[in-house]
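Whatever order the structure lists them in is the order used to number ligands and atoms, beginning at 1.
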Amino acid sequence: MTLSLTRKEAAAKIMVGLDKPDAEAALQVASRLEGTGCWVKVGMELFYAAGHEIVRELKKIGFKIFLDLKMHDIPNTVRGGARSIARMGVDMFNVHAAGGSAMMQAAMQGVNDAVEAGEAQSAPLVIAVTQLTSTSRETLNGEIGIAGSVEEAVVRYAVLAKHAGLQGVVASPLEVEAIKAACGEGFLTVTPGIRPAGAALGDQARVTTPREAVDGGTDYLVIGRPIVAEPDPAQALESILKELTES
Ligand SMILES: O=c1ccn([C@@H]2O[C@H](COP(=O)(O)O)[C@@H](O)[C@H]2O)c(=O)[nH]1
């Protein structure tokens, strides 16, 4: 089924991956996206270079922020890390489901610690990475050592994350239908692995177009290089929005 979205609805589903080496480069792109209504995603490259300050700057501009640091450590460390992240005022962050239930529950406890101590005004959404969208079945079976299909592995982690109290998962758009069937419509799916027709796949293994991702029921489309590595990021975003608003 082709879903017809308004421009506002489409923009609110897009998380632009600001994978840039420093604050200046990131803010240059962000300034071109200001006012569109899209989210921005701050990942390892930008956060390790520009830290809390870039989060503050992006919030000041008015963006909703997904902090994509994919925590994976012992529960006590993740609890402390989650508390620190909640204090920063981001809207969403993630952990690896491979860390197990106790670790994911610890992330939720860290958020509660921050809220109860009055350090965070509101609780960010906490989601779990299932299997990276760069992982193919061959890699999953032959290197990571998990048997079966990628979809089975993704759904197993999604169910684990749901039982641990998390609000959603990161997966490819190809697995959204199975995740929603197993975890319910309200369980969020945040999907990288988005490539407009003809765009280079790069290191992504499990991809769809923006239109296919939306029609498959995803909640959020994470899009990096097809926007931020283009000479005109605003124009690249516009053409994706056009694809999503045409029925
Ligand atoms: O499974 C995952 C988890 C996170 N990502 C992140 O999303 C963006 C995708 O960027 P593209 O340039 O559109 O490929 C990137 O920041 C990744 O770290 C992911 O791709 N897959």
List for me each residue that meets ring-ring contact (aromatic ring centres under 6.0 Å, His included) alongside H72, sequence neighbours excluded, and say none if there are none.
-> H96

Within the 4.0 Å heavy-atom cut-off around ligand 1, the contacting residues, ordered by chain and number, are D19, K41, D68, K70, L132, T133, V170, P192, R195, Q204, V222, I223, G224, R225, P226

Spacing of OG1 belonging to T130 relative to CZ belonging to R156, to within rounding of 0.5 Å | 11.0 Å

Applied to residues 66-80, the salt bridge (charged side-chain N to carboxylate O under 4.0 Å, His left out) test, sequence neighbours excluded, yields K41-D68, D68-K70, R79-D113

Have E175 and S172 got a donor and an acceptor in their side chains that come within less than 3.5 Å?
-> yes

Only one of T135, T133, I194 passes side chain to side chain contact (heavy atoms under 4.5 Å, CB included) with Q204, and that residue is T133

Pairs flagged by ring-ring contact (aromatic ring centres under 6.0 Å, His included) wherever residues 192-234 is involved - sequence neighbours left out | W39-Y220

